[in-house]
Amino acid sequence: MQFKNSLAFAQQLDKEDPLHSYRSKFHFPKVKGNQVIYFTGNSLGLQPKRTQAYVEEVMTDWASLAVEGHFYADKPWWDYHERLAAPLATIVGAQTQEISVMNTLTVNLHLLMVSFYRPTTKRYKIICEEKAFPSDQYMLASQLRFHGLDPKDALVEVKKRPGENAWRTEDIVAAIDEVGDALALVLIGGVNYYNGQVFDMKTITAAGKKVGAYVGWDLAHAAGNVKLELHNWDVDFAAWCSYKYMNSGPGNASGLFVHEKHLNTKDIPRFEGWWGTKKETRFLMKPEFEPMENADAWQLSNAPILSVAPYLASLTLFDEVGMEALIQKRDTLVAYLEFVLHEIDKVVDASFEIITPKDRGCQLSVFLHGEGKSLFTYLMENGVITDWREPNVIRLAPAPFYCSFEDMYRFGQILKNGILNKNS
Ligand SMILES: *Cc1c(COP(=O)(O)O)cnc(C)c1O
């Protein structure tokens, strides 16, 4: 498609966009009385308007039914979280039984490592990407120390090549082959939070399995953003948070995936609690743990219903629209944003450098060479909610659920004015 950097053209794209009406199903913050241009759906997604009713339902049931709500609420609390498994399975390419919702992301990754990181003297190393998300770095290092290992020896961080902004799949596969039968686990962020790169999860998973390692993915920036086929790729486990592209609210519950072949296995170590035991006999309060036959075996506690309710609300939106339509809009929207950036670059004679590779989802990370934090402040004051990383990278993640083509055009104009004002 031949893009044009004009308001009329952007509005025409909005008119042709089958998802355009979904924008009105979300609450937008306002700056100076105007709805913001929201680029931080990769950090905290906007609130769907229907979410409040889901939360109020729980509050009302609690008020009117109290403990009886566990069994007699319209959506009884004791198995409330099970409602999320089927829609999530569709989003991440899994079977329903492979999905559970519990805790928060870092907690779930730790719990999954109890099952899938079992170092021996020979096979004990972990491969991850260099400069992984800080929580993942702390998690991996603390797991290694917990097992009496030294991260300097046991953690292999795959680097980007000098002068390059993205990882090469071949370098990750080469690292996996080199560590070989010393490799216990590959655990990488499926979409990198900094440069927005989508890793080749299929190829990397296959390479890890080939040398006999377990392979897990942190899908914080991937779930609800990119196409996933966790089951078919033979991924062992994965977890994601729900508050980024999944719009479920700050700090909200995490989803997890455990491959079918690890369900109902007797010898898998796991930290266990009463919500993981068979629900048919759970309330008999027996001393033996009889695991649920699905990924709920990893559940420890009864689910935090007030967290799960907004997640369920947001999943109904995904169910209506489907990942395919979201991805289709995403690609056009991000391509248009890229086009607008190039057009503005020509006018202001700056040098924007997009460091996100072609394997991308919603996010473009852009070096604004020669610009400083004052530009970021200008953008925020003019209603562009974005994210700044020192020295001068902005991350722009237009979520296809609620961002419009007109937003991209208007952003370009504000960016242009911010740079020209500074220079005048
Ligand atoms: C956002 C994010 C997290 C956040 O973890 P929480 O436990 O939900 O605070 C972890 N890992 C990655 C890669 C992230 O992008």
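Whatever order the structure lists them in is the order used to number ligands and atoms, beginning at 1.
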Enquirer: Is it the side chain (CB and beyond), the backbone, both or neither of Asp218 that lies under 4.0 Å from ligand 1, heavy atoms counted?
Expert: side chain

Enquirer: Looking at ligand 1, does any of its N/O atoms fall within less than 3.5 Å of an N/O of His221?
Expert: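 Right, the criterion is met.
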
Enquirer: Of all the non-hydrogen atoms in the protein, which one sits nearest to atom 1 (C) of ligand 1, and at what distance?
Expert: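 Protein heavy atom with the smallest distance to atom 1 (C) of ligand 1: Lys244 NZ, 1.4 Å.
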
Enquirer: Tell me whether Phe283 at atom CZ has more than 12 heavy atoms from other residues, nucleotides or ligands lying less than 6.0 Å away.
Expert: yes

Enquirer: Please list, in number order, the atoms of ligand 1 under 4.0 Å from a heavy atom of Tyr243.
Expert: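 Numbered from 1, ligand 1 contributes 1 (C), 4 (C), 5 (O), 6 (P), 8 (O), 9 (O).
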
Enquirer: Distance only, no hydrogens: is a donor on one side chain within 3.5 Å (strictly under) of an acceptor on the other, for Asn108 and Ser254?
Expert: yes

Enquirer: Does Thr104, backbone or side chain, put an N or O under 3.5 Å from an N or O of ligand 1?
Expert: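 The answer is no, given that Thr104 and ligand 1 share no N or O pair closer than 3.5 Å.
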
Enquirer: Considering only heavy atoms, does Val107 approach ligand 1 within less than 4.0 Å through its side chain, its backbone, both, or neither?
Expert: neither

Enquirer: Kindly indicate whether a cation-pi arrangement holds for Lys159 with Trp167, taking the cut-offs as under 6.0 Å to the six-membered ring centre and within 45° of the axis.
Expert: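 Not flagged: Lys159 not positioned over aromatic ring of Trp167.
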
Enquirer: Is the NZ or CZ atom of Lys261 positioned over Tyr214's six-membered ring, under 6.0 angstrom from the centre and within 45° of the axis?
Expert: no

Enquirer: When you measure from the side chain of Glu98 to the backbone N and O of Gln95, does any donor-acceptor pair fall under 3.5 Å?
Expert: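 Pair found, side chain donor or acceptor close to backbone of Gln95.
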
Enquirer: Check Phe3 against Phe339 and note the closest heavy-atom contact, atom names and distance.
Expert: O-CZ, 3.3 Å

Enquirer: Would you mind listing which atoms of ligand 1 come within a distance below 4.0 Å of any non-hydrogen atom of Thr106?
Expert: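 It comes down to these atoms of ligand 1: 5 (O), 6 (P), 7 (O).
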
